[in-house]
Amino acid sequence: LSINPNAASSLSEISQFYFFLKQPEKGLASMERAVENAPDNYWYNQTLASAYQQQGNTQKAIDTFERMAVQFPDRQEPLMALMDLYNQTKDYAKAIKTLDRFELQTGKTEQTSMEKFRMYLLMDDNKKAFNEIESLAKEYPNDMRYLCILGDVYLNNGKPKEAYATYQKVLAVEPGNAQVIVSLANYYEQTGQNQRYEQQIDSVLLSKKVDNDIKTDIMRQMIVRSQQTGKDSIRIIPLFKKMMEVEQEDVQIPMLYVQYLLAKGMEKE
């Protein structure tokens, strides 16, 4: 630096020494000078923005990442950092705008739509929240998974009629869709249709299309509930027996059955 005081590479390196020596003001000043002298260097900008973040200077971090998002439009990292920062500061409107910019790069995805849905709910804008998931389903009309997600969103946010209608749309296209079979069980349970819920659970547990992880989780939940209600083995053991009649692809269900029988003192079985 005595030879060339504006050498960006040397300024960047020495800033790391200052940070290591617990001299953050000198570290930031050196990194700022590095960026001034090499404004097109992505990594210098990234290091400076991260340094602001670590030092708790959220606004300067936001300003730097915003500038980077414009200056380096092909990079996703600045937008991802901005989403985190706007979430932290609860500036959900700007977070949603950032997600919109992110979608221009990646296209509409389940992750970004669900994140926008969550933020709209935090902003008490239910209409835009549901519109977001509806637009996701429209974006991929041939993928029933997104229509199932829309149904689940309706169900979990006080719109059971809309949820049921959406599930029926899925069944009309794919009668054996595993995701909607599970979702319908949740629907019947939440709407107090106990007999239909039990019938639906049977169809979930005996379906070869439903993943064994889901079946195991359902059986664990049912065991806990049956213990709470006192109706312990009346329904559980017959269900396990029905499942054992179907060829098991892995050991999860048989192992859970073994654990349950041992817990009930049924060593021989």
From CD (Q252) to CG (D213), nearest 0.5 Å: 4.5 Å

Least distance between heavy atoms, I201 atom then A185 atom: CD1-CB, 4.0 Å

Could you list the donor-acceptor pairs under 3.5 angstrom formed by side chains in residues 60-70, with sequence neighbours left out?
{"residue": "D63", "atom": "OD1", "partner": "Q59", "partner atom": "NE2", "Å": "2.9"}
{"residue": "T64", "atom": "OG1", "partner": "K60", "partner atom": "O", "Å": "2.8"}
{"residue": "E66", "atom": "OE1", "partner": "R101", "partner atom": "NH1", "Å": "3.1"}
{"residue": "E66", "atom": "OE1", "partner": "R101", "partner atom": "NH2", "Å": "3.3"}
{"residue": "E66", "atom": "OE2", "partner": "Y86", "partner atom": "OH", "Å": "2.6"}
{"residue": "R67", "atom": "NH1", "partner": "N45", "partner atom": "OD1", "Å": "2.8"}
{"residue": "R67", "atom": "NH2", "partner": "N45", "partner atom": "OD1", "Å": "3.4"}

Over 12 foreign heavy atoms within 6.0 Å of CE, M80: no

Sequence-distant partners of R118, salt bridge (Lys or Arg N to Asp or Glu O under 4.0 Å), two or more places apart: E115

Shared hydrophobic cluster for M219 and Y188 (ILVMFWY, side-chain gaps under 4.5 Å): yes

Under 3.5 Å donor-acceptor, Q221 side chain and T216 backbone: no

T166: side chain to side chain donor-acceptor pair (under 3.5 Å) partners, not counting sequence neighbours: none

Worked check of side-chain contact (heavy atoms from CB on, under 4.5 Å) between L82 and D84: CA-CA 5 Å; L82 283 168; D84 287 338; over 6 Å; no

side-chain hydrogen bond (donor to acceptor under 3.5 Å, both in side chains) contacts touching residues 23-32 (sequence neighbours left out): E32-Y52

Contacts of Q105 that satisfy side chain to side chain donor-acceptor pair (under 3.5 Å) - sequence neighbours left out: none

4.5 Å side-chain heavy-atom contact, M119 and L99: yes

For S12 against A34, the heavy-atom pair lying closest together: N-CB, 3.9 Å

With N186 via side chain to side chain donor-acceptor pair (under 3.5 Å) - residues at least two apart: none

I253-I214 co-clustered via ILVMFWY side chain contacts under 4.5 Å: yes

Counterpart residues, side chain to side chain donor-acceptor pair (under 3.5 Å), relative to N126 (two or more places apart): none

For N37 against A8, the heavy-atom pair lying closest together: CB-CB, 4.3 Å

Positive for side-chain hydrogen bond (donor to acceptor under 3.5 Å, both in side chains) with E103, one of T109, T98, T112: T112

L171 with L155, same ILVMFWY side-chain cluster at under 4.5 Å: yes

Minimum side-chain heavy-atom gap E132-K108 below 4.5 Å: yes

Contacts of D202 that satisfy salt bridge (Lys or Arg N to Asp or Glu O under 4.0 Å) - sequence neighbours left out: R235, K242

Non-neighbouring partners of Y197 that pass ring-ring contact (aromatic ring centres under 6.0 Å, His included), sequence neighbours left out: none

Contact check, side chains of V35 and N41, non-hydrogen atoms, under 4.5 Å: no

Hphob cluster co-occupancy, L239 + L184, side-chain heavy atoms under 4.5 angstrom: yes

Stepwise side-chain contact (heavy atoms from CB on, under 4.5 Å) test for Q53 and T58: CA-CA 6 Å; Q53 222 173 335; T58 304; over 6 Å; no

CZ/F17: more than 12 non-hydrogen atoms of other groups inside 6.0 Å: no

Audit row: K90, L122, side-chain contact (heavy atoms from CB on, under 4.5 Å) steps and yes/no: CA-CA 9 Å; K90 298 184 178 179; L122 288 168; over 6 Å; no

Salt bridge present between R220 and D217 (N-O < 4.0 angstrom): yes

Positive for side-chain contact (heavy atoms from CB on, under 4.5 Å) with F117, one of I149, L136, N157, N131: N157

Side-chain heavy atoms of L205 within contact of V210, under 4.5 Å: no

Side chain to side chain, K116 and D100, heavy atoms closer than 4.5 Å: yes

Contact check, side chains of Q190 and P160, non-hydrogen atoms, under 4.5 Å: no

Pairwise distance CG(N87) to NZ(K94) - rounded to 0.5 angstrom: 14.0 Å

Point-to-point distance, once rounded to the nearest 0.5 Å, from OH of Y120 to CD1 of I96: 4.5 Å

Heavy-atom donor-acceptor pair, S207 side chain to V204 backbone, under 3.5 Å: no

Side chain S50, main chain T47, donor-acceptor under 3.5 Å: no

side-chain hydrogen bond (donor to acceptor under 3.5 Å, both in side chains): pairs with one or both residues in residues 138-155, sequence neighbours excluded: E110-R145, E134-Y154, D152-Y167, D152-S183

Ring geometry between Y257 and F240 (parallel below 30°, tilted from 30 to 60°, perpendicular above 60°): parallel

CA sep, side-chain torsions, deciding dist, call: E189, N194, side chain to side chain donor-acceptor pair (under 3.5 Å): CA-CA 6 Å; E189 183 182 27; N194 295 331; over 6 Å; no

Salt bridge (Lys or Arg N to Asp or Glu O under 4.0 Å) involving K215 - partner list, sequence neighbours excluded: none

Heavy-atom pair with the smallest gap, counting every atom of C148 and N177: SG-OD1, 3.9 Å

Y187 and V180, any side-chain heavy atoms less than 4.5 Å apart: no

Interatomic spacing from CG in N212 to CE in M243 - rounded to 0.5 Å: 7.0 Å

F19 side chain reached by Q55 side chain, heavy atoms, under 4.5 Å: yes

Pairing of K264 and E269 as salt bridge, 4.0 angstrom limit: no

Partners meeting salt bridge (Lys or Arg N to Asp or Glu O under 4.0 Å) with E13 (sequence neighbours left out): none

Path from Y42 to Y44 over hydrophobic side-chain contacts below 4.5 Å: no

Check against side-chain contact (heavy atoms from CB on, under 4.5 Å), L11 and M31: CA-CA 6 Å; L11 288 164; M31 204 64 234; over 6 Å; no

